[in-house]
*Asks:* 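Got a structure here, written out as structure tokens. Questions coming.
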Amino acid sequence: MPAPTLDPNSPIRPDWWSKTIAGTVLGFTLAVALAGLFAWAGPGGVLAANKYQFVMWMIAPLWLAVVSGCFLFRTGLRAWAWLGGANVLAYAALLLSRGPLP
Amino acid sequence: MRTDIVRLYRVVHSWVGIVSGLILFIAFYAGALTMFKEPLAAWVTPPRAAENLIPLDRGGELVSRLLALRPEAAKDFSLILEPGHGQAGALRLEWRLDREDTAVWTAAMSHDGRLDIRQEEPSAVAQLVDDVHRTAILPGDLETGTVITGIASALYGVALVSGVIILIPSLVKDFFALRLANSAKRLWLDVHNLLGIISVPFHIVIALSAVVFGLHDYFYDSLDEVVYGGRMQKVIAVADPPPRPVSRGPYLSPADLLAKTAAVEPGLIPSSLHYQRLGTPGAVVRVWGDDPRYLVRRHGFLALDPATGNVVSTEYLPGHQGNWGATVSAFFALHFGSFGGDLVRWSYFLMGLAGAFLFYSGNLLWVEARRRTERRASGPVTQTRAVTLMAAATVGVSLGAVAGLSATIAAGRWLSALESINTGHLVIYYAVFLGACAWAFWRGAGRAGYELLWLAAGATAAIPATSLLGFVIPGLWVSGAGLGVDAVALMGAGAFALMARAAARRAEDGPADSVWSARREHGTVTAAQPQAAE
């Protein structure tokens, strides 16, 4: 789709493609990591009855929240930087919290 | 709210809306109809002769006689308890030889002990409505269609957030403003905003759950990879173990199993007994039923050992689930409207129709916004090709789906004489849907707008008309079972007729340079015109 234009003097640059891809891709990986963190470190532990289903349901709201919010970043570059950083933190926490499985 | 943020999100809103709007229109309209799947199925089904009724206490006899005759059914069959018959219920057995089989084998026993076994192809009309709901366009390949609807739902989630952001500044000021006095476009916008805002909670629930339903395979695959280190199947086996009883027959009678169920949860209203792996150590029976006091996934079940009646699992029994299971069940219930009885069912029906209108009006507003601002002095407004095509697609796809669904429901009784009813249903839906799309592009949005509304009105009126013709035409029938469907269809047809009249008036008398005018000449549409900056 052609990128619609916004006022170039706006303090928020549209950067449609850059922000959209950052939000969609990094938002998804972030949502998976946060849901996984909840699976391991959240209440009940990783093997609680049917918790894996709840964990899966968490992905959609987390992901869409990031996609919806990513246009608030001042530039596309900032979206990539912040979401990339959040991913690194979330995956580090996930790796640390993971334990042995049956 | 800063104006630049509002402006940014207006662009987001209009783009995600235009990309997903038509798919979502079909999903919502068909979804509204799925709230009445059972009445629809009853409407197309010929009335059954009532002689095959035996009381519940002969259910054990029915099961053992079936298994003696058809041992292949033992691995998976259901004993259906006909609703409304209570303890003296009418019983029927159903089984399929494999999952993909559309035809169902049924066995019923008459009072004199005669066993009536036959293969039936149940009308797929309710299933077709559901498939159209879940896939919007591609019932032929359910999986692809479901993924596409899932993606459209994700866009819809973003449209929802951005729509709310856009409206925040004006929310207090013109929330309930319906500016009738001003232009038609203003009115469409006001209705769009009002419907959108008042149904936000419903839409949040639907959007998030529809994303899950459409994309859960990908979500689980990602979790397996990243979170469970490739061992998710093991996690599932521990967290949601399949029921594993270890006894062989002799088995308890259906009446005894229902008594055991009532002892565990008297509030469950049983609808069927689903037997699996009878005659093996893994034999299990699931007593399916409803419990209106809880949010459940359509239905719940209690798993029992069919030989001893011991409880094997309560993880899907309403009121007896663990916290996580109960929470996930609640998500399902909120999508399906499977709680709160008829009040919620009707509310979901109306909110589904309102949702469909939301997407229709959204597309319409996009079309209007893309028209070059009218300047009386400078001659006719130019319409870009994108606007003309989108207007035609909006009219053709939306009204084509409406007319197609009505036509294929109405055809259900006419088709009942055919060998392959269900192919007929598909052919009719697609013929009407694709025909309407082609018609819209050929005639242009202005003319097709009201012509297809008349088609929708006619196709919907064909439903009660078919019932009426049942009095005079042999082969058709009159039945009380579908009376509600007839009444709703009659009202729907009336509503479409009113809309058709209004659209026709606008096409004749409205501004001639509008996309919605029937008087506009196609020649003024040029792709070469520079597009106006938005």
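What you see below is based on every heavy atom in this structure, not just the backbone, and it leaves out hydrogens, waters and symmetry mates.
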*Asks:* Below 4.5 Å from any heavy atom of chain A, which atoms of B:Leu215 appear? Answer side chain, backbone, both or neither.
*Replies:*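 Only the side chain of B:Leu215 comes within 4.5 Å of chain A.
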
*Asks:* Does CG in B:Asn323 sit with more than 12 non-hydrogen atoms of other residues, nucleotides or ligands closer than 6.0 Å?
*Replies:* no

*Asks:* Where does the angle between the aromatic ring planes of B:Phe301 and B:Trp288 fall among parallel (under 30°), tilted (30 to 60°) and perpendicular (over 60°)?
*Replies:*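 Tilted: the ring planes of B:Phe301 and B:Trp288 meet at 30° to 60°.
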
*Asks:* Looking only at heavy atoms and a cut-off of under 4.5 Å, which of A:Ile59, A:Thr29, A:Thr20, A:Val46 has the most pairs with chain B?
*Replies:*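 Answer, by heavy-atom pair count under 4.5 Å with chain B: A:Ile59.
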
*Asks:* Would you say A:Leu77 has more than 12 foreign heavy atoms packed within less than 6.0 Å of its CG?
*Replies:*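 At most 12 heavy atoms, drawn from other residues, nucleotides or ligands, come within 6.0 Å of this atom.
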
*Asks:* Do A:Trp16 and A:Phe71 have their ring centres less than 6.0 Å from each other?
*Replies:*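 Ring centres of A:Phe71 and A:Trp16 closer than 6.0 Å.
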
*Asks:* Could you tell me which portion of B:Tyr156 (side chain, backbone, both or neither) has an atom closer than 4.5 angstrom to a non-hydrogen atom of chain A?
*Replies:*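 Looking at B:Tyr156, nothing touches chain A.
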
*Asks:* Look at B:Val12, B:Val211, B:Val161 and state which one has the largest set of heavy-atom pairs under 4.5 Å with chain A.
*Replies:* B:Val12

*Asks:* Pick from B:Ser153, B:Ala237, B:Ser222: which one has the most heavy-atom pairs with chain A under 4.5 Å?
*Replies:* B:Ser222

*Asks:* For chain A, find which of B:Ile236, B:Leu160, B:Val238, B:Ile18 contributes the most heavy-atom pairs closer than 4.5 angstrom.
*Replies:* B:Ile236

*Asks:* Which bit of B:Val158 is near chain A, if near means a heavy-atom gap under 4.5 Å: side chain, backbone, both or neither?
*Replies:* both

*Asks:* Please state whether the side chain, the backbone, both or neither of A:Leu95 comes within less than 4.5 Å of a heavy atom of chain B.
*Replies:*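 The answer is neither part of A:Leu95.
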
*Asks:* Measuring centre to centre across the rings, with the benzene-like ring taken for any Trp, is B:Phe213 within less than 6.0 Å of A:Trp57?
*Replies:*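 Yes, the ring centres sit under 6.0 Å apart.
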
*Asks:* Looking only at heavy atoms and a cut-off of under 4.5 Å, which of A:Gly36, A:Ala49, A:Pro61, A:Ser97 has the most pairs with chain B?
*Replies:*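 Going by pairs under 4.5 Å, I would pick A:Ala49.
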
*Asks:* Does any heavy atom of chain A fall under 4.5 Å from the side chain of B:Tyr9, the backbone, both, or neither of them?
*Replies:*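 It is the side chain, since no backbone atom gets that close.
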
*Asks:* Do A:Met56 and B:Leu223 make a side-chain contact, defined as non-hydrogen atoms from C-beta onward lying under 4.5 Å apart?
*Replies:*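 They are in side-chain contact.
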
*Asks:* Is it the backbone or the side chain of B:Ser209 that comes under 4.5 Å from a heavy atom of chain A, or both, or neither?
*Replies:* both

*Asks:* Are any non-hydrogen side-chain atoms of B:Tyr220 and B:Asp224 less than 4.5 angstrom apart?
*Replies:*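 No. Closest side-chain heavy atoms not under 4.5 Å.
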
*Asks:* According to the interplanar angle, ranging from 0 to 90°, do the rings of B:Trp324 and A:Phe54 count as parallel (below 30°), tilted (30 to 60°) or perpendicular (above 60°)?
*Replies:* tilted

*Asks:* Side chain from CB out, backbone as N, CA, C, O: work out which of these in A:Leu101 comes under 4.5 Å of a heavy atom of chain B, or both, or neither.
*Replies:*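 Both parts, backbone and side chain.
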
